[in-house]
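Read the structure below first, then the notes.
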Amino acid sequence: MTRGTLILGIDTSCDDTGVGVVKLNTDGEVRVLANRIWTQTVHASYGGVMPELASREHVERIDAVMGDALAEAGIAVNDIGAVAATSGPGLVGALLVGLMYGKGLSQALGVPFYAAHHLEGHIFAAASEAELRAPYLALVVSGGHTHLFDVPHEGQYVLVGATKDDAAGEAFDKIARLTGLGYPGGPAIAEAALRGDPNAVPFKEPLQGQKAFDFSFSGLKTAALLAHKAGAKPEDLAASFQRAAVHALVKTTRRAAEAHGRQTVVVSGGVAANRALREAFAATGLRAVFPGKGLNTDNGAMIALAGAAAIRAGRPPSPLTDGAVAYAPLANA
Ligand code: KG4
Ligand code: ZN
C-alpha cells in the first residue's frame with residue numbers, strides 16, 4: 001500500500017447505519033476502500049421514520065456495520081488514522097449514536113476526530129469520482145433536502161437556492177405512493193418511467209419566469225394527484241413527472257451556473273442516482289460530477305470523504321464537546 005491516512009466515516013443521521021473507509025494519500029488523492037450500509041426496515045409499517053426506533057437500531061447495528069467496513073477495506077481497527085462522524089443535521093437521537101461512537105473510537109485509538117455536516121458529506125461523495133476543487137456549484141437533492149450552493153472557495157458555502165416546499169426526493173416518494181409504484185419512490189418512478197409516455201400528462205413548469213434559483217415540487221404533486229384521479233396510467237404519470245422534475249432541476253441549476261460563472265456542477269443526494277437527471281445534466285455542456293455507485297444515498301464513505309477534505313484543507317480536529325444538532329445550515333456566507 002502507498003503511504004496515506006485511513007479515515008473511517010460514520011453516518012447515522014436518519015434510518016441508514018453507514019460506515020465507510022477512505023484512504024487519503026500523501027499526494028492529496030482520495031480513494032474509497034469500503035462503504036457499508038444497513039438500511040433499517042422497522043419503519044416500513046409506520047409509513048415514515050420513527051426517530052426512537054431509528055436510534056435503537058443504530059445502537060444495535062453500528063458495531064457489525066463497522067466490522068463489515070473494516071473487512072471490506074482489508075484493514076484492522078488500529079490502522080485507522082482519523083475518524084469522522086455526522087453531527088447534523090438529522091434526527092438528534094440517531095445522530096448521537098454515530099457521533100458518540102466516532103468520538104469514543106477516536107479517543108480509544110488516539111487519533112483526530114472530525115465532526116461532519118451531512119450536506120457537506122453528500123457534496124464530497126462526488127470526490128469519489130473526480131478531483132473536487134472549488135469553485136463549483138453544488139446541487140444536493142435527497143429525500144430531505146433540495147439545496148443549491150455556490151462554493152467559491154474550499155469550505156465556503158453560499159446558499160443560492162432551495163425548495164420552497166417539498167424536497168425533490170420527497171416528491172418522487174409521494175407520487176410513487178399515490179400511484180402504487182412502491183417505496184422508495186425514486187427508483188420505482190425511474191423504472192416505471194421507462195415504460196411510460198413523458199408527454200401523456202401535462203405538468204406546468206414550477207416557478208416559471210422566476211429571477212431567483214429556487215425549486216418547488218408541491219404543484220407537481222397536486223397535478224399528479226389530479227391526473228391520477230382522472231385515470232392516468234402510473235407509468236405515464238411517472239414518465240411525465242420525472243421529466244418535469246428533471247427539467248426544473250436542470251434549468252434552474254444551469255441558470256445559476258451561468259449567473260455565478262461556474263463550469264462545474266456537483267449533483268448529489270439520493271435523487272442524483274436518477275439516470276434521466278444524469279443524462280439531462282450531461283447534455284448541458286457543464287462539467288457535471290456525480291457520486292460513484294452506492295454513494296448517492298446516505299452513507300458513511302461520504303462522511304469519510306468530508307473528513308479527508310477537512311484534513312487536506314488543514315482544518316483542526318473538532319472539539320469533542322460539540323454535540324449533535326437537528327438543524328444546521330451549511331451556508332456560511
Ligand atoms: O440522500 P438520501 O438517502 O436521503 C436523505 O438524506 O434524505 O435520499 C433518499 C431519496 C429518496 O427520496 C429516494 O426516493 C430518492 O432519494 N432516490 C431517487 C432515486 N434513488 C433514490 N430519486 C429519483 N431517482 C432515483 N433513481
Ligand atoms: Zn442525506
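All residue numbers refer to positions in the sequence shown, counting from 1. Both counts, for ligands and for their atoms, begin at 1 and track the order of listing.
The distance from ligand 1 to the heavy atoms of D298 drops below 4.0 Å at these ligand atoms: 1 (O), 2 (P), 3 (O), 4 (O), 5 (C), 6 (O). Taking every non-hydrogen atom of H118 and a distance limit under 4.0 Å, the qualifying atoms of ligand 1 come out as 6 (O). Every atom of ligand 1 with a heavy atom of G169 under 4.0 Å away is listed here by number and element: 12 (O).
Scanning all protein heavy atoms for the shortest distance to atom 24 (N) of ligand 1 gives N274 ND2, 3.0 Å. Given atom 25 (C) of ligand 1, the protein heavy atom at minimum distance is G186 C, 3.6 Å. Nearest protein heavy-atom neighbour of atom 10 (C) of ligand 1: G143 N, 3.4 Å. Given atom 11 (C) of ligand 1, the protein heavy atom at minimum distance is D173 OD2, 3.5 Å.
The aromatic ring centroids of F172 and F217 lie 6.0 Å or more from each other.
Residue Q263 places its CD atom among 12 or fewer non-hydrogen atoms of other residues, nucleotides or ligands, all under 6.0 Å distant. The 12-atom threshold is not exceeded at CZ of R275, counting heavy atoms of other residues, nucleotides or ligands nearer than 6.0 Å.
Using a 3.5 Å distance cut-off with no hydrogens or angles, the side chains of R61 and T17 do not pair a donor with an acceptor.
Below 3.5 Å of separation, one finds an N or O of G144 facing an N or O of ligand 1. The shortest N or O to N or O distance between G270 and ligand 1 is under 3.5 Å.
With a 4.0 Å heavy-atom cut-off, ligand 1 is reached by the side chain of H122 but not by its N, CA, C or O.
Taking the six-membered ring for Trp and thresholds of 30 and 60 degrees, F290 and F281 have ring planes more than 60 degrees apart, a perpendicular arrangement.
Around the Zn ion (ligand 2), the protein N, O or S atoms found under 2.8 Å comprise H118 NE2, H122 NE2, D298 OD1.
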